Structure formats: structure tokens, C-alpha cells
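This is the structure I want to talk about, given as C-alpha cells.
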Amino acid sequence: MTIIKRRHFLGGSAMIGAGLLAGGLPRLANAQSAEITVTAFGGVWEEAVRTCFVAPFEAKTKANANVSLGGPPQWLAQVEANQAKPPVDVLIMTPDLALTAAKAGLVEDFTVDKIPNLSKIPTELTDSVMGKGTLFDYGVGGITFHKERVTNPPKSFAEFVDRVSKGEFVASVPSISYAVTPIMLIWAMAKALGGGVDNVDPFFEAMAKMKDNLVFWGGPNDFFNHLSSGEADVGIYFDGRTWNHYDSGATWIDFINPEEGGSLNGVAVQKPKNANPLAWDYINEVLDAQNQTKFADIMNYGVTNTDVVYSDKLKPRITPWQNTAFPPYEQIALVRNEWVDRWNREIGR
């Protein structure tokens, strides 16, 4: 889903002239700084963050939002190392690391009085990170296929396993080197086949059945190359990335949310303790319906404000989060290393 730009300090405690929350309450500027540092992944993610969140924040507050590129482990380590004066004011986190930050007491509680737009986010998505953040967008790990070679694609994980095992087609699945594999593949398939966090035997049994007709991808571009070259016909991949390829000209690609529900892979937003209070204004923009609508149009991923209305192009592509399999991120974190060890012993790729 690296450069940290400068932050400088301004004296005074005057109110930022246009610093109004959506609810109409003025936000006092941090006495130290009229700028904040926010986070983003690179590539199209950075473009979307700057367009959809940074621009409206700066227009309303007249403050600056500098963008730090990188990834959640890096940002979390930076905050943990400098808790009194965190180098970033807004965190973009995977749910497991958001929970780590919450349990370590590194981030603040999310409340509607601080973030008016939080009232438009389903409570389940805030509770999933202990109320110390919330999910603002998500992807679904499902079945992506080459529709010119697979005219009758599998509609479920169970059908996927059965038909790959029989050699009807070759499937590309994420390798254990890909960070989200324990959630999008191991847990999701185990759950679909009758197991779950406490029993992933069904997943490993399925992999043993399919092994002669599998290839593995270590990065999202690898999967696309497998399908485009003919090395694979179908596989486990993300909805948003599938549609990004489609919009880039690969109109032969398509996506299905499995009948059992593909895994919901959310992205959380959090505020470190002692970060600039202007971070609340920025997070309110991240959760704004209009801004999220623009973000979804760029990213082809689902967003979480209940007032968002997707475009005619996007609506059929987005799986409502209620129709996904919601991973028990906290429990998965406890057994993740065991799963990786078993994968290395039984699958090895």
C-alpha cells in the first residue's frame, strides 16, 4: 500500500485564520508550528493524498502539510523513538501495526468532538483499531483472472481450489515474502474452507492439492506479468490493483469477490500522541465524504464514509466492506510467525 520533508517552528499562539473544522469549530494552531507532516505511500498513492487530503486541508487552515513517503513500519519506529516530539503528525497504518501503536500507547483516541467526520465512519471500522484510529479505505483480496482465457471463472475459494487442483488452469498466488499473504491468502482461504485463525489446516491441505498448478508472486507487478504472459490464468489479487491495470489498457483483466468473501485489507489513519493538534483537521479531511470520493476515483479502492456515492464507473467495482471477510487482525498477529514457519516448511516458496 523515502524522504521526510522539513518541519520548522513558528512562534506565537494566534488562531489559524481559516482553520475551521467541518462542524464549524475553530481549531487553535499549535504554538510551535503552522505546518504538519503527514504520511503516504509512493506512486499514485502520493498523488491521491496530495490531491484529496493535503490540498483541502491547506486551503481551509492556511497551514502546510508536508508529505513523508515510506511505509508503516518505518513511520511507527520513528514515532516510538521520539514520543515527546514525533517527526510525523499523521500516521497511515496497516491494521496490525495500528493495533501495535494503540496497545503501546503511542496514538490518541478518536472522538467525534475532535473529528466531526468520524460520525460518518462505521463504528466497526474504528473499533477494529481500538478506537485509536479508524479505517479510511480498503482493498479486497479476491480472484483476478484473464477473462479471454478463463471464460467461466471460479466464483468461490472452494471452486478455485478444486479447479486449480484438477489442472484446469494455472493460478498465481502471493508468496510468503509478500507482507499481506497471511491475511489475504492463508487466513482468508482457511476460513472459506472451514477453518480460521485457530485452524489453518484447510489452507495448507488446499495448497498441497494445487501445488502442481501454482506459481507465486512476490510483488503486485509479478502477478500482472504472470497473467499477461500466459504463465498463469487466474489468481489471488486485489480489486483496486486489478482495476488500475484495466484502466491502463489491460481490458482483458477482471475481478470477483469470492462467495465466501475476500479478505478486507484496510488502511488506518492515526494521530501520534504529542503530535501537532492541526493533525485533527487533516484527519477530518481524510474522513470527509467529498475527499474520499475523489480518493476512490483515483485509487479504485473502497472508502469508508457512509455518505460517499461512487461514480457509475466505480460502483460496480467496489465491494461493500460488509460483503468481505473481516480479518481478526489482533488474533492473526499472535500466530502469524507460526504460519510463516509452517509455510516455509511445507511450501517453501
Side-chain angles (χ1 to χ4, degrees), residues 1 43-44 138-181 183-189 192-193 203 206-265 296-302 310-320 323-325 347 349:
M1 254 119 177
V44 68
Y138 64 92
V140 180
I143 299 170
T144 294
F145 59 100
H146 195 301
K147 61 187 181 183
E148 295 172 4
R149 296 200 300 268
V150 183
T151 56
N152 178 29
K155 306 299 191 301
S156 67
F157 280 117
E159 184 183 352
F160 178 92
V161 172
D162 181 62
R163 294 171 68 184
V164 173
S165 300
K166 292 176 178 177
E168 186 173 335
F169 35 64
V170 174
S172 177
V173 298
S175 74
I176 201 60
S177 65
Y178 189 61
V180 191
T181 295
I183 294 173
M184 72 179 293
L185 184 63
I186 298 178
W187 172 79
M189 189 172 286
L193 299 176
F203 165 75
M207 292 293 283
K209 293 177 183 177
M210 296 187 292
K211 65 180 181 179
D212 292 337
N213 301 301
L214 290 178
V215 294
F216 294 84
W217 57 269
N221 288 336
D222 296 339
F223 175 85
F224 178 75
N225 291 337
H226 286 164
L227 257 64
S228 62
S229 68
E231 189 173 353
D233 310 297
V234 66
I236 305 301
Y237 199 54
F238 287 115
D239 53 353
R241 287 191 178 273
T242 298
W243 299 121
N244 286 336
H245 291 309
Y246 184 97
D247 289 343
S248 296
T251 54
W252 44 262
I253 205 166
D254 207 346
F255 176 87
I256 290 176
N257 178 40
E259 290 175 354
E260 306 94 342
S263 63
L264 182 145
N265 297 270
D297 284 338
I298 294 173
M299 298 300 300
N300 274 304
Y301 281 116
Y310 295 113
S311 66
D312 291 342
K313 172 185 175 182
L314 205 56
K315 188 173 182 179
R317 298 180 174 184
I318 300 298
T319 300
N323 296 342
T324 70
I347 300 172
R349 287 174 288 179

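Fair warning: this is a prediction, and the values are worked out from it, not measured in the lab.
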Inset, instruction - List the atom of Met207, the atom of Val173, and the distance in Å for their closest heavy-atom pair. - result: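 The pair with the smallest heavy-atom distance is CE-CG2, 4.3 Å.
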Legend entry - Partners passing side-chain hydrogen bond (donor to acceptor under 3.5 Å, both in side chains) against Glu159 (at least two apart in sequence or in another chain):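 side-chain hydrogen bond (donor to acceptor under 3.5 Å, both in side chains) check on Glu159 returns Arg163.
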Inset, instruction - Heavy atoms only: give me the nearest Thr151-Glu148 pair and the separation to one decimal. - result: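 Taking Thr151 first and Glu148 second, the nearest heavy atoms are CG2-O, 4.3 Å.
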Inset, instruction - Specify the closest pair of heavy atoms between Phe157 and Gly262, including all atoms of both residues, with the distance to one decimal. - result: CE1-CA, 4.4 Å
Legend entry - Close side-chain approach of Met184 and Phe238, heavy atoms under 4.5 Å: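 Side-chain contact under 4.5 Å: yes.
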Legend entry - Residues which pass salt bridge (Lys or Arg N to Asp or Glu O under 4.0 Å) with Asp162, listed by chain and number, not counting sequence neighbours: Lys166
Inset, instruction - Would you indicate whether the side-chain heavy atoms of Ile143 and Pro153 approach each other to under 4.5 Å? - result: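 Answer no - side chains too far apart.
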Inset, instruction - With sequence neighbours left out, write down each residue that passes side-chain hydrogen bond (donor to acceptor under 3.5 Å, both in side chains) with Thr324, or none if nothing qualifies. - result: none
Legend entry - Contact check, side chains of Phe255 and Arg317, non-hydrogen atoms, under 4.5 Å: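 Side-chain contact under 4.5 Å: no.
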Legend entry - Contacts of Ser177 that satisfy side-chain hydrogen bond (donor to acceptor under 3.5 Å, both in side chains) - sequence neighbours left out: Ser175
Legend entry - All ring pair (Phe, Tyr, Trp, His ring centres under 6.0 Å) counterparts of Tyr246, not counting sequence neighbours: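 Checked Tyr246 against ring pair (Phe, Tyr, Trp, His ring centres under 6.0 Å); matches are Trp243.
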Legend entry - Taking every non-hydrogen atom, the tightest pair across Val161 and Ala206: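 For Val161 and Ala206, the tightest heavy-atom pair comes out as CG1-CB, 3.7 Å.
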Inset, instruction - Please examine the side chains of Asn257 and Asp239, heavy atoms only from C-beta on, and report whether any two atoms are closer than 4.5 Å. - result: no
Inset, instruction - State which residues pass side-chain hydrogen bond (donor to acceptor under 3.5 Å, both in side chains) with Lys147; sequence neighbours excluded, sorted by chain then number. - result: none
Legend entry - Any donor-acceptor N/O pair, Glu260 side chain to Ala158 backbone, under 3.5 Å: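 Checking the backbone N and O of Ala158 against the side chain of Glu260, a donor-acceptor pair under 3.5 Å is found.
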Legend entry - Any residue meeting side chain to side chain contact (heavy atoms under 4.5 Å, CB included) with Pro316, in chain and number order, not counting sequence neighbours: none
Legend entry - Distance, nearest 0.5 Å, that separates CE of Met189 from CZ of Phe203: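 Here the interatomic distance stands at 6.5 Å.
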N/O donor to acceptor pairs below 3.5 angstrom from side-chain atoms of residues 228-237, sequence neighbours left out:
unit_1, atom_1, unit_2, atom_2, d
Ser228, OG, Phe224, O, 3.1
Ser228, OG, Asn225, O, 3.3
Ser229, OG, Asn225, O, 2.8
Ser229, OG, His226, O, 3.3
Ser229, OG, Glu231, N, 3.3
Asp233, OD1, Arg149, NE, 3.0
Asp233, OD2, Val170, N, 3.1
Tyr237, OH, Pro220, O, 3.0
Tyr237, OH, His245, NE2, 2.9

Legend entry - Close side-chain approach of Asn213 and Phe169, heavy atoms under 4.5 Å: no
Legend entry - For the student: nearest non-hydrogen atoms of Ser172 and Phe223, plus distance: OG-CD1, 3.5 Å
Inset, instruction - State whether the side chain of Asn323 and the backbone N or O of Thr319 hold a donor-acceptor pair below 3.5 Å, judged by distance alone. - result: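 Not a single qualifying donor-acceptor pair exists.
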Legend entry - Sequence-distant partners of Lys209, salt bridge (Lys or Arg N to Asp or Glu O under 4.0 Å), two or more places apart: none
Legend entry - Between CG on residue Asn244 and CD1 on residue Ile253, distance to nearest 0.5 Å: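 It comes to 10.0 Å.
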Legend entry - Gap between atom CG of Leu193 and atom CZ of Phe160 - 0.5 Å precision: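 That separation rounds to 11.0 Å.
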Legend entry - Side-chain touch Ser263/Trp187, heavy atoms, less than 4.5 angstrom: yes
Legend entry - Inter-residue atom distance Ile176.CD1 - Thr181.OG1, 0.5 Å rounding: 5.5 Å
Inset, instruction - Report the C-alpha distance between Phe216 and Tyr178 in whole Å, list the side-chain angles of each, state the deciding distance to 0.1 Å, and finish with yes or no for side chain to side chain contact (heavy atoms under 4.5 Å, CB included). - result: CA-CA 10 Å; Phe216 294 84; Tyr178 189 61; over 6 Å; no
Inset, instruction - Taking salt bridge (Lys or Arg N to Asp or Glu O under 4.0 Å) as the test, write out the residues that go with Lys313, two or more places apart. - result: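 Salt bridge (Lys or Arg N to Asp or Glu O under 4.0 Å) check on Lys313 returns Asp247.
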Legend entry - For the student: nearest non-hydrogen atoms of Tyr310 and Ala296, plus distance: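 Distance-wise, the nearest heavy atoms are CE2-CB, 3.9 Å.
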Legend entry - By side chain to side chain contact (heavy atoms under 4.5 Å, CB included) - contacts of Asp297 (at least two apart): Thr293, Ser311, Leu314
Inset, instruction - Would you check if the side chain of Asn265 reaches a backbone N or O of Val180 as a donor-acceptor pair within less than 3.5 Å? - result: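 Not a single qualifying donor-acceptor pair exists.
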